[in-house]
Amino acid sequence: MTSQPLKVLVIDDDPPIRKLLRMGLTTQGYDILDATNGKIGLELLSQEPDLIILDLGLPDVNGLDLLAKIRERNERVPIVVLSSRDDETAKVRALDHGADDYVTKPFGMEELLARMRAAVRHQLQVQGERPVFRVGDLSVDLVRRIVKVGEKDVKLSPKEYDLLRLLVQHAGKVLTHKFLLDALWDETTDTQYLRVYMRQLRRKIEVDPERPKYLLTETGIGYRLQAPE
């Protein structure tokens with residue numbers, strides 16, 4: 001942690017969850033702001049939190065509507081959504097509405113902390129994009145458009161490179177199928193088309209394409225590029 005603790009706004013109406021988050025995050029050096037509903041959460045935005053943990057199932061407002069209102073007021077603050085295990089549609093919609101990541105209830109504190117760190121790193125990267133991205137043996141030079149695995153140059157088609165570049169720009173963040181399709185193709189394209197390109201990209205980048213360690217699948221939602229530690 002830095003000398004100035006990161007301020008985390010927790011918006012959740014469940015007392016045990018808030019207690020768990022307060023205890024777990026405080027021990028990691030975070031400052032915690034508590035909101036039991038959406039109204040209080042919006043009011044606490046004035047205290048400029050560095051990250052928001054948002055439960056979608058709030059008593060006074062639809063979680064997705066609240067997410068949209070937060071994004072209207074603050075485009076950059078990282079937002080990690082809490083959602084139920086079976087609600088993939090809500091996860092996709094939350095990501096499309098501007099959430100940076102999601103954690104499924106019940107969750108482990110280590111998983112949440114990892115998602116939080118990735119969301120903060122992603123935001124710092126957006127604010128000052130690095131010309132060369134590195135994770136493990138993979139390096140992507142965004143200026144010279146050179147991709148390497150170890151010392152080996154990787155030859156990509158223009159569309160494969162565009163897909164990888166988009167993932168690099170949002171490393172650590174889940175990108176939904178819809179987001180990727182809208183960004184990379186001019187017209188509505190079947191998700192299977194995206195899967196074909198991802199499969200080709202994995203064959204060129206991953207040591208074992210069937211067990212990828214860089215280009216990760218978020219089942220039913222989209223893809224995530226592993227962020228550097």
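- Exactly one of T176, L180, L175 qualifies for a side-chain contact (heavy atoms from CB on, under 4.5 Å) with K178. That residue is T176.
- Counting heavy atoms from C-beta outward, L184 and Y193 have side chains that stay 4.5 Å or more apart.
- By the 4.5 Å heavy-atom criterion applied to side chains, D137 and K152 are not counted as neighbours.
- Checking side-chain atoms of K204 against main-chain N and O of K155 turns up a donor-acceptor pair under 3.5 Å.
- Each of I11, I32, L112, I79 was evaluated against I53; a single residue qualifies, L112, per the side-chain contact (heavy atoms from CB on, under 4.5 Å) test.
- Of the possible donor and acceptor atoms, one in the side chain of E160 sits under 3.5 Å from a partner among the backbone N and O of S157.
- Between the side chains of T104 and K91, at least one donor N or O lies within less than 3.5 Å of an accepting N or O.
- V120 and L25 fall within a single hydrophobic cluster, where Ile, Leu, Val, Met, Phe, Trp and Tyr side chains are chained together by heavy-atom contacts under 4.5 Å.
- E206 contributes a side-chain N or O that, together with a main-chain N or O of L215, makes up a donor-acceptor pair within less than 3.5 Å.
- Electrostatic pairing of K39 and E43 counts as a salt bridge here, judged by a charged N lying under 4.0 Å from a carboxylate O.
- Within the 3.5 Å criterion, the main-chain N or O of N74 finds a donor-acceptor partner in the side chain of R71.
- You'll find the side chain of L163 stays beyond 4.5 Å of the side chain of Y223, heavy atoms only.
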Item to check | Residue pair H177, V92: steps toward the side-chain contact (heavy atoms from CB on, under 4.5 Å) verdict | outcome: CA-CA 9 Å; H177 297 132; V92 171; over 6 Å; no

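- Between D60 atom CG and N37 atom CG the span is 4.0 Å, to the nearest 0.5 Å.
- Remark: side-chain polar atoms of R22 are not paired, donor with acceptor, to backbone N or O of V10 under 3.5 angstrom.
- Using a cutoff of 4.0 Å between basic side-chain nitrogens and carboxylate oxygens, R224 and D101 are scored as salt-bridged.
- Under a hydrophobic clustering in which Ile, Leu, Val, Met, Phe, Trp and Tyr are joined whenever their side-chain heavy atoms come within less than 4.5 Å, directly or via other members, V103 and L95 fall into different clusters.
- For R93, there are no salt bridge (Lys or Arg N to Asp or Glu O under 4.0 Å) partners two or more places apart in sequence or in a different chain.
- To the nearest 0.5 Å, atoms CG (L33) and CG (L51) are separated by 11.5 Å.
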Next on the checklist: What verdict does the side-chain contact (heavy atoms from CB on, under 4.5 Å) test give for I70 and L42, after you've listed the backbone C-alpha separation in whole Å, the side-chain angles of each residue and the deciding distance to 0.1 Å?
Outcome noted: CA-CA 7 Å; I70 293 172; L42 288 175; 4.1 Å; yes

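- Counting heavy-atom neighbours within 6.0 Å of Q192 CD, excluding the residue itself, gives a total above 12.
- Legend: salt bridge (Lys or Arg N to Asp or Glu O under 4.0 Å) pairs involving residues 7-21, not counting sequence neighbours, sorted by first then second residue: D12-K105.
- Remark: the backbone N or O of W185 is not paired with any side-chain donor or acceptor of K159 at under 3.5 angstrom.
- Side-chain contact between V80 and L54 is absent, with no heavy-atom pair separated by less than 4.5 Å.
- To the nearest 0.5 Å, atoms OH (Y161) and CG (L166) are separated by 11.5 Å.
- The CD atom of Q226 lies 5.5 Å from the CG atom of L216; values are rounded to the nearest 0.5 Å.
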Next on the checklist: If you apply the rule side-chain hydrogen bond (donor to acceptor under 3.5 Å, both in side chains), what do you find for S46 with R73, and how did you get there?
Outcome noted: CA-CA 10 Å; S46 63; R73 301 187 186 189; over 6 Å; no

Checklist entry - Given the rule in the side-chain contact (heavy atoms from CB on, under 4.5 Å) test, do Q28 and L6 qualify, once you have shown the distances and angles that lead to the verdict? => result CA-CA 10 Å; Q28 295 295 317; L6 291 182; over 6 Å; no

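- Using a 4.5 Å heavy-atom cutoff, the side chains of M198 and L167 are in contact.
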Checklist entry - Do Y102 and L82 pass the side-chain contact (heavy atoms from CB on, under 4.5 Å) test, and can you show the C-alpha distance, the side-chain angles, and the key distance before you say yes or no? => result CA-CA 6 Å; Y102 66 88; L82 303 181; over 6 Å; no

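- Panel note: side chain T26, backbone M23; no donor-acceptor pair is recorded below 3.5 Å.
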